[in-house]
Amino acid sequence: MTHEEIKESLSAYSDGQLGPEQAGEIAAHLSGCTGCSAALRELGGLSAGVKQALSASAPAAMKERVLAGARVKKPLLRPAALLAGALAALIFALLAGVAAKRFMPAMFAQVQGMINGAAGALGGGK
Amino acid sequence: MSPEELVERYSDMAYALALRLTGNAAEAEDLAEEALIKALKGLPGFRGGSDAGVWVYKIVMNSWKNQLRSPRLAFWRRLRGFYSADKEELAVDPPDPAPGPEPQLESAERSKAFASAIEGLEPQDRAILLLRELDGRSYTDIAEILSIPEGTVRSRLFRARDRLRASLRGFLEEK
């Protein structure tokens, strides 16, 4: 490795992320190169400061929300979907009634009679 | 692993990672929460033999990438750019009490310099640095978490450290 390549590998060397051959070559170089030895020491100081600057604790409330959020099971249908479905069913029933009155008047009168009869029976029962 | 164990073990790192990616405490909380809930919901299907940390942090990274594509969040991010008030968001915890006021002041100055230098890095470089320095992750793990080649992890880490060394030289020489 050239001197420049060694300088660029010091970061991985300090992390212990090089293979034994490369690591050995750098270790041998460090014993005779004050510049690279100083750079390696700087990396050590940098690491300590970076650790302190990067550490952060998750808010306790967030942890609670995560556990609560994972427990919640999604309903099969959301309230908005249920409301839309009910409205669609009502519109369909009204349209079906109008169509039945127009195109099947006999059946409409029969159904109307049955409904009136049932309503009368309920009213009479009071 | 139980849901409680997963949250206890990985929520601090997931939050720290989200904080370095977004650069904002409120967004980081949302991002970490979303990612951890996704992880908990996927926990029954998680293969026990693999590394749960890599899996959780990868979910954080992917959620962040998805958020970046969200036009709503992009709007708020641009809006926030006009106000630099939340630059303070990334400030580190106050340093430990020192014996006297002078060392305490120096320590505070040092912490501030480190925080500011780290803030100057690209979000992904901050993530790489955090995964290496704070969690001791191998380059192989980091490559998997960020979905980038291992050689890229090595070169980006070198460049990030080189930039930090250049801007923090005064503080490193004192050591």
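Every chain is numbered from 1, with letters handed out A, B, ... down the list of sequences.
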What I'd like to find out is whether the side chain of [X] reaches to under 4.5 Å of the side chain of [Y], using heavy atoms alone.
X	Y	value
A:L46	B:F171	no
A:V50	B:R161	no
A:Q17	B:I142	no
A:V66	B:S11	no
B:L40	A:L67	yes
B:L129	A:K51	no

* With a 4.5 angstrom heavy-atom cut-off, could you sort out which part of B:E4 is near chain A: side chain, backbone, both or neither? =>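 Both backbone and side chain of B:E4 come within 4.5 Å of chain A.
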Mind listing the closest non-hydrogen atom pair of [X] and [Y] along with its distance?
X	Y	value
B:R165	A:A39	NH2-CB, 3.6 Å
B:Y139	A:D15	OH-OD2, 2.5 Å
B:S111	A:Q52	OG-NE2, 3.7 Å

* For B:E29 and A:R65, what are the C-alpha separation, side-chain angles and deciding distance, and is it a side chain to side chain contact (heavy atoms under 4.5 Å, CB included)? -> CA-CA 11 Å; B:E29 206 173 320; A:R65 284 200 307 275; 2.8 Å; yes
* To do: Return yes if some donor-acceptor pair links the side-chain N/O of B:D12 with the main-chain N/O of A:A58 below 3.5 Å, else return no.
  =>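 A pair under 3.5 Å: yes.
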To the nearest 0.5 Å, what is the distance between [atom1] on [X] and [atom2] on [Y]?
X	Y	atom1	atom2	result
A:S11	B:R132	OG	CZ	9.0 Å
A:S55	B:E133	OG	CD	12.0 Å
A:M62	B:I37	CE	CD1	9.0 Å
A:K7	B:F158	NZ	CZ	8.0 Å

* **Check against side chain to side chain contact (heavy atoms under 4.5 Å, CB included), B:V7 and A:E64** => CA-CA 9 Å; B:V7 170; A:E64 284 163 21; over 6 Å; no
* Asked: Is the closest basic N to carboxylate O distance between A:E42 and B:R169 below 4.0 Å?
  ->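 Counted as a salt bridge, because a side-chain N and a carboxylate O are separated by less than 4.0 Å.
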* Heavy-atom contact with chain B under 4.5 Å, split by part of A:S9 ->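 Both backbone and side chain.
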* Contacting region of A:A61 [heavy-atom separation from chain B under 4.5 Å] ->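 For A:A61, there is no contact with chain B at all, as no heavy atom is under 4.5 Å.
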* Asked: Can you tell me if NZ on B:K65 sees more than 12 non-hydrogen neighbours from other groups inside 6.0 Å?
  ->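 Yes, enclosed.
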* Taking atom CD of A:E5 as the centre, report whether more than 12 heavy atoms of other residues, nucleotides or ligands fall under 6.0 Å from it. =>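 Counting other residues, nucleotides and ligands, CD of A:E5 exceeds 12 neighbours.
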* Asked: Is A:V98 reachable from A:V111 through a run of I, L, V, M, F, W or Y residues, each pair having side-chain heavy atoms under 4.5 Å apart?
  ->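 Not linked; separate clusters.
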